[in-house]
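To start, the structure under review is shown below, and the notes come after it.
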Amino acid sequence: MDWSVPRPGHRSTRALRYGTIALAVAAMLCAYIVVVVTRADAAETLLSQGKPTTASSTENAATPAASATDGNTGTRWSSAFSVPQWIQVDLGSAQAISRVALNWEAAYATAFQIQTSNDGTNWTNIYTTTTGAGGNQSLTVSGNGRYVRLNATAKATQYGVSLWEFQVYGGTPDNPGTCGTANAAIGKTATASSTENAGTPASSAVDNNLGTRWSSAASDPQWLQVDLGSTQQVCGVTLNWEAAYATAFQIQVSTNGTTWTNVYSTTTGTGGTQVLTVTPTAGRYVRMNGTARATQWGYSLWEFAIRVGGTVPTTSDTPGSPSPSQSTNPGNSVLLSYNKPAVASTWQNDVNCNPCSPDKAFDNDPASRWATSSTNGWVDPGWIYVDLGAVAQIKQVVLQWDPAYAVSYQIQTSNDAANWTPIYTTTTGKGFKETLTVNGSGRYVRMYGTQRSNGYGYSLWEFKVYGTGGNPTQPPAPPADPVFPATNLVWADEFNTGTLPDPAKWTIDPGTGQNNEIQYYTNNGNVSIQGGSLVIEARKETQGGRDYTSHRMNTSNKFSTQYGRVEARIKVPKGNGLWPAFWMMGADFLQGRPWPYNGEIDIMEILGRNTNEIYSTLHAPAYNGGGGYGQKISTVDLSLDYHVYSVEWDSKHMTFRVDNQVILVADKDTVETTRGPWVYDHQFYLILNLAVGGDFPGPIDATTPFPSRMYVDYVRVYK
């Protein structure tokens, strides 16, 4: 992929040449498999999913009977254009049937029966109607049988009958179960994809206080999840919406916080207080995943209440298909794959990916990647393996995918790189970061992809193997995380002496800017130290082929830091087209790594056209420019006085603030599992500048004041 390459200290908002892939991945965040559920008062089991299904007829090859029992509401069964028509499922053995859920396509039945049978020949009616209205129907029934059939005798349209899903549930008599009324979420740990501001954190939706709320950024999708602390049988959810509600959302349950099962889905949410009864499902984590908003604002919940009850079913992983885990170091495991020899089916080495060789997936560098060749590698299968140096016991595999990920793949082991044994198999790969708990042995570990997510090939930023044995190479030890609030001042400029920036601390960066900015940055001609502040001045004057001048400086080759609290006290100017910023660039940019592979941390960006808003944003290869990972909040008019802009940064997160107000909390695990690699665990240098015009702030006009000044009282870094 091709990236723009700015000079040191320049921001760039140019996107990927293949930006459509990123857009497709963003859309995939919303594309979960939907399970139709409306009511369940007793402990139930979904009996029909994936079971053999037959029908009296099919409209065409694209609408087979099996599509009604595959758990995917994007596929359907449809019949010939006549009645009667039927669809039946073989449960494999006689079962007690307690409920049937029908998710009709527009071609529904007005008259039908639900029937059971033990032999597939002799049928007993357990439900009958002549007034079917289509849509989603949840039918409470009572019967027994190995076979369950919907028998349609009258249809609503000139077409046949068609079902997105035909679900059969069975309640066990010795474990009826009931759904409790208590709120199991109160006081539990809650997290969210974003928060609107510091006053609306995720925790406010589980504090049992209807006077506090969580609210998100104003974009789709957004989610709120709660960790119940242990695996529970989740049977009900109550959503108490603020005015900013979801019209389309799913309720999802997970045992590990990574792999999610939809237990409720709607595209016609009406807000208010929604009391939802869902299929009892075992899980520790419960999530509201909003995919369409009712307003121009985000999503907002006064309370997110969870009801539990019944008996938690036991589960066991089948060999070769274990459940994912969020653990990054199971048991006494160590990283076995770092800097080990790697081999792949093909690899890319051209202007768009140079080089994307197999070793890049094992170098512990999240900004380098392996990709299959663009000339002969965009085919199935595609694979990559690592030689651990000796036989090892494999406990965990972590895959950090590029947008070119595998939908279907296996993790395989081998002792000779010729004969392979699968230790993990999936047909529902979701991309981004996948943490897989596995159990196998071998000297070689391979990702063997059999179905690609899009028209491109396969690509991994990181492929990490954990376990015991092998012949591991220890990666460089990272620096210790600071303890916040950090109080050890390691670098500062108070701007109390001299008339120009201290050359021992600052590098002046003259020239033109990126992003269609219209100023020329002079060599100290637009900067001074006055009254204990650095003053950066934008002027209307011709220099360097431009009609406006300003100033930009950075600490490149003078000072850089990894982690800590980085802050500056700044007063910004007001005026259309003005763009003051306090930000950081990955120091490896200075050694030739192009933006955004080096990473960019924007602590503060303010647009002069609206100085009541502040932006904080992260930029990386998988999310950058207009698609960066960030947050905008509204606050006081920041041009009226000095304010402290800061980031507290360690190996797990970044917290951005203006004064004491939190703007953005960027959690490493959330970023990796929803957007892409976290590329910020290395040295960064600091930058101050005042841009004029450009893509982000927009044009200047007759009201823009010149000269305009940005004042910096101090810059400080604490560890």
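Keep in mind the model is a prediction, meaning the values are calculated, not measured.
- The pair Asp681-Lys668 meets the salt-bridge criterion, with a side-chain N (NZ, NE, NH1 or NH2) lying under 4.0 Å from an Asp/Glu carboxylate O.
- Side-chain contact annotation: Ser162 with Ser78, donor-acceptor N/O pair under 3.5 Å absent.
- Counted by atom type alone, Gln222 and Ser216 present zero donor-acceptor pairs between their side chains at under 3.5 Å.
- No side-chain N or O of Asn125 forms a donor-acceptor pair with one of Gln113 less than 3.5 Å apart.
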Solution key, residues 105-112 side-chain donor-acceptor pairs under 3.5 Å, sequence neighbours excluded:
unit_1	atom_1	unit_2	atom_2	d
Glu105	OE1	Ala107	N	3.1
Thr110	OG1	Ala154	O	3.4

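- Under 3.5 Å, the side chains of Glu434 and Tyr409 contain a donor-acceptor pair of N or O atoms.
- Using modelled atom types and a 3.5 Å distance limit, the side chains of Asn262 and Gln250 yield no donor-acceptor pair.
- Between Tyr147 and Gln88 the shortest heavy-atom distance is CD2-NE2, 4.1 Å.
- In terms of the ring pair (Phe, Tyr, Trp, His ring centres under 6.0 Å) criterion, residue partners of Tyr680 (sequence neighbours excluded) are, by chain and number, Trp678.
- Side-chain contact annotation: Arg307 with Thr238, donor-acceptor N/O pair under 3.5 Å present.
- A salt bridge links Arg284 with Asp227: the distance from a Lys NZ or Arg NE/NH1/NH2 to an Asp or Glu carboxylate oxygen falls below 4.0 Å.
- Counted by atom type alone, Ser230 and Gln232 present one or more donor-acceptor pairs between their side chains at under 3.5 Å.
- In plain terms, the two heavy atoms of Leu664 and Gly630 that are nearest each other are CD2-CA, 3.9 Å.
- Looking at Asp481 and Ser651, their side chains do bring a donor and an acceptor atom within 3.5 Å of each other.
- Ionic pairing of Glu303 and Arg213 is not present here: no N-O contact between side-chain nitrogen and carboxylate oxygen is shorter than 4.0 angstrom.
- No donor-acceptor pair closer than 3.5 Å links the side chain of Thr268 to the backbone N or O of Thr266.
- You'll find the side chain of Thr54 stays beyond 4.5 Å of the side chain of Ile87, heavy atoms only.
- Asp669 contributes no side-chain N or O that, together with a main-chain N or O of Glu672, makes up a donor-acceptor pair within less than 3.5 Å.
- Ser408 and Thr427 share no side-chain donor-acceptor pair at under 3.5 Å.
- Thr291 and Asp220 share no side-chain donor-acceptor pair at under 3.5 Å.
- Counting only N and O atoms by type, the side chains of Asn103 and Gln167 include no donor and acceptor under 3.5 Å apart.
- A donor-acceptor pair is defined here as one N or O able to donate and one able to accept, closer than 3.5 Å; such a pair exists between the side chain of Asn454 and the backbone of Pro403.
- In this structure a side-chain-to-backbone donor-acceptor pair under 3.5 Å is missing from Arg99 to Ser142.
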